[in-house]
Trainee: 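Sharing a structure below in structure tokens format, with a few things to ask.
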Amino acid sequence: MRQPSCTRRGLLRRGTTAATTATLASLAGCSGIGSVVDGSPDVPYPATWLPAPDRVFAADADPVQRWYPFRARRFDELATYLEDRGKSFEPTALYQDGSAHPVLDIDPSQAYMEIRTGGRGLSVLETDLLADDIVEAFQTPESGEPLREPFDRLGEYDGYRLFGAPDTDWVVGVEAGVVVEAFASMAPDPLGDKRTAVEAIIDARDGEGRYTATDETLAGVVRRLGTGMTVSVEPPAAGADDADGEPVASGTARTNAEAENATRVLAFATGDAAEAFASDPQSDATRTWEETTVSRDGRFVTITGTSHPA
């Protein structure tokens, strides 16, 4: 079974050298979400899919919308986690008919990683579906919601087959079980051209024009969070300051471990503000966590502990 998170595509594009061969061997048994496939060990796997704002948003988009939050979920791990505890996904956590995608007929336990960008209209879903089956789903609407008309072929980009809704406000790229999407998700729509946005996501996956390269605070939070069963990040807001000593960016990651499975990272405008918070972090959401430890690294505070998803 091919897990797209372990893709060798980025390595193979760079040729077959001794170093590349060794790296490929090291990826052979990877679980997926933590893989380093493009020589950027400081960029945890989910963030490798995220494009810089200036590559996807319209020039006149609200600056607040351009700094987008993101959430990554490892669907298959979450499904197993819930099943082991006699639970299941809440209906609001999924899409129509309890699937892991609004168009594709795929059970969460059969999907891999999903990335969503806080309602900004960008998403990635890694699956084990055949690319032709994904394409067929977008070209043969059945229920009429949310897919009303077949998607048209738009060409190719870097190995991905591109398809778009007739009005082009929804474009998808499909390659080896991966579906990359850009769509109008709010009014006014902050995205620019949807095909350009899909191409920007693909470029980011190959190490070009990444979100984490646009801001050192964002990069610091993402790097310290690492990877997990779930990862969510709130980036620095446009013009954010530290007047009240509050964090300017934050993120939380959880693994499926039984203990010490949770990490929360908070970024502050100054080291003094971070030190003040680290001395008394009870004002944060982690006050309900168990077995917590707190550390500070310059402007960043990292809290680790035990906190399982509800």
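Every value quoted in this text rests on a predicted model; they were computed, and no experiment measured them.
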Trainee: Can you name the residues that form a side-chain contact (heavy atoms from CB on, under 4.5 Å) with Ala249, not counting sequence neighbours?
Mentor: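 Checked Ala249 against side-chain contact (heavy atoms from CB on, under 4.5 Å); matches are Thr217, Val221, Pro236, Ala267.
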
Trainee: Any chance the rings of Phe138 and Phe151 have centres within less than 6.0 Å?
Mentor: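 When the ring centroids of Phe138 and Phe151 are compared, they turn out to be within the sub-6.0 Å range.
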
Trainee: Parallel under 30°, tilted from 30 to 60°, perpendicular over 60°: which one fits the rings of Phe268 and Phe277?
Mentor: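 Ring orientation, 0 to 90° scale: tilted.
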
Trainee: How close do Arg161 and Ala131 get, counting heavy atoms only, and between which atoms?
Mentor: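 Looking at all heavy atoms of both residues, the shortest contact is NH2-CB, 3.3 Å.
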
Trainee: Show your working on salt bridge (charged side-chain N to carboxylate O under 4.0 Å, His left out) between Asp272 and Arg299 and close with a plain yes or no.
Mentor: CA-CA 8 Å; Asp272 288 344; Arg299 299 186 297 113; over 6 Å; no

Trainee: Can you name the nearest heavy-atom pair linking Ala100 to Pro108, along with the distance?
Mentor: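 The pair with the smallest heavy-atom distance is CB-CA, 3.9 Å.
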
Trainee: Going by side-chain contact (heavy atoms from CB on, under 4.5 Å), name the residues that satisfy it together with Glu199, two or more places apart in sequence or in a different chain.
Mentor: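 side-chain contact (heavy atoms from CB on, under 4.5 Å) check on Glu199 returns Tyr157, Leu162, Arg195.
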
Trainee: In terms of side-chain heavy atoms, does His308 have a donor or acceptor partner in Glu290 at a distance below 3.5 Å?
Mentor: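 The criterion, which ignores hydrogens and geometry beyond distance, is not satisfied for Glu290 and His308.
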
Trainee: Quick check against the 3.5 Å criterion: does Arg55 have a side-chain atom that pairs as donor or acceptor with the backbone of Pro51?
Mentor: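 Between the backbone of Pro51 and the side chain of Arg55 there is no qualifying donor-acceptor contact (under 3.5 Å).
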
Trainee: Using the six-membered ring of Phe70, assess whether NZ or CZ of Arg116 lies under 6.0 Å from its centre and within 45 degrees of the ring axis.
Mentor: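 Cation-pi check for Arg116 and Phe70: fails.
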
Trainee: Taking Tyr211 for its side chain and Tyr68 for its backbone only, find out whether a donor-acceptor pair lies under 3.5 Å.
Mentor: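 Yes, Tyr211 side chain to Tyr68 backbone: donor-acceptor pair under 3.5 Å.
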
Trainee: Determine, for Arg223 against Asp297, whether the closest basic-nitrogen to carboxylate-oxygen distance falls under 4.0 angstrom.
Mentor: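 Salt bridge flag = no for Asp297 with Arg223.
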
Trainee: Partners of Thr252 by side-chain contact (heavy atoms from CB on, under 4.5 Å), sequence neighbours excluded?
Mentor: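 Testing Thr252 for side-chain contact (heavy atoms from CB on, under 4.5 Å), a comparison that skips the adjacent residues, returns Ser232, Arg254, Arg264, Trp289.
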
Trainee: Given Thr304, which partner from the list Thr286, Thr293, Thr263 fulfils the side-chain hydrogen bond (donor to acceptor under 3.5 Å, both in side chains) test?
Mentor: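 Only one option passes, and that is Thr293.
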
Trainee: Could you tell me whether Glu114 and Arg73 have a side-chain N and a carboxylate O separated by less than 4.0 Å?
Mentor: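 A salt bridge is present here (some side-chain N lies under 4.0 Å from a carboxylate O).
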
Trainee: Sub-3.5 Å donor-acceptor pair from the side chain of Thr48 to the main-chain atoms of Pro44, do we have one?
Mentor: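 Judged by distance alone, no pair lies under 3.5 Å.
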
Trainee: State plainly whether the residues Arg205 and Asp203 are in salt-bridge range, i.e. N to O under 4.0 Å.
Mentor: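 Looking at Arg205 and Asp203, the cut-off is not met.
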
Trainee: Please evaluate residues Val294 and Thr302 with respect to the criterion side chain to side chain contact (heavy atoms under 4.5 Å, CB included), reporting the C-alpha separation (whole Å), side-chain torsions for both, the decisive distance (0.1 Å), and the verdict.
Mentor: CA-CA 6 Å; Val294 180; Thr302 300; over 6 Å; no

Trainee: List for me each residue that meets side-chain hydrogen bond (donor to acceptor under 3.5 Å, both in side chains) alongside Asp107, sequence neighbours excluded, and say none if there are none.
Mentor: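 side-chain hydrogen bond (donor to acceptor under 3.5 Å, both in side chains) list for Asp107, sorted by chain: Ser109.
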
Trainee: Please find the pair of heavy atoms, one from Gly228 and one from Thr255, that lie closest to each other, and give the distance.
Mentor: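 That closest heavy-atom pairing would be CA-CG2, 4.2 Å.
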
Trainee: Just say parallel, tilted or perpendicular for the rings of Tyr95 and His101, cut-offs at 30° and 60°.
Mentor: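 The rings of Tyr95 and His101 sit tilted, inter-plane angle from 30° to 60°.
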
Trainee: In plain terms, say whether Lys87 and Glu90 are close enough for a salt bridge, that is, a side-chain N and a carboxylate O under 4.0 Å apart.
Mentor: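 No, no charged N to carboxylate O under 4.0 Å.
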
Trainee: For Asp193, give me all partners under side-chain hydrogen bond (donor to acceptor under 3.5 Å, both in side chains), at least two apart in sequence or on another chain.
Mentor: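 Residues passing side-chain hydrogen bond (donor to acceptor under 3.5 Å, both in side chains) with Asp193: Thr196.
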
Trainee: Report yes if some heavy atom in the side chain of Trp67 is under 4.5 Å from a heavy atom in the side chain of Thr214; otherwise report no.
Mentor: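 Yes, side chains in contact.
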
Trainee: Go through the steps to decide whether Leu50 and Thr212 satisfy the test side chain to side chain contact (heavy atoms under 4.5 Å, CB included), and finish with yes or no.
Mentor: CA-CA 8 Å; Leu50 302 173; Thr212 52; 5.8 Å; no

Trainee: Taking Ile115's backbone N and O only, do any of them form a donor-acceptor pair with Ser123's side chain (distance below 3.5 Å, no angle check)?
Mentor: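 Flag not set: sc Ser123 to bb Ile115 has no pair under 3.5 Å.
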
Trainee: Tell me whether the count of non-hydrogen atoms from other residues, nucleotides or ligands lying under 6.0 Å of CD in Gln139 goes above 12.
Mentor: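 Counting other residues, nucleotides and ligands, CD of Gln139 exceeds 12 neighbours.
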
Trainee: Under the side-chain contact (heavy atoms from CB on, under 4.5 Å) test, which residues partner Ala259, sequence neighbours left out?
Mentor: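 Per chain and number, Ala259 pairs via side-chain contact (heavy atoms from CB on, under 4.5 Å) with Glu291, Thr306.
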
Trainee: Salt-bridge test for Asp189 and Lys194: reply yes if a basic N is under 4.0 Å from a carboxylate O, no otherwise.
Mentor: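 Looking at Asp189 and Lys194, the cut-off is met.
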
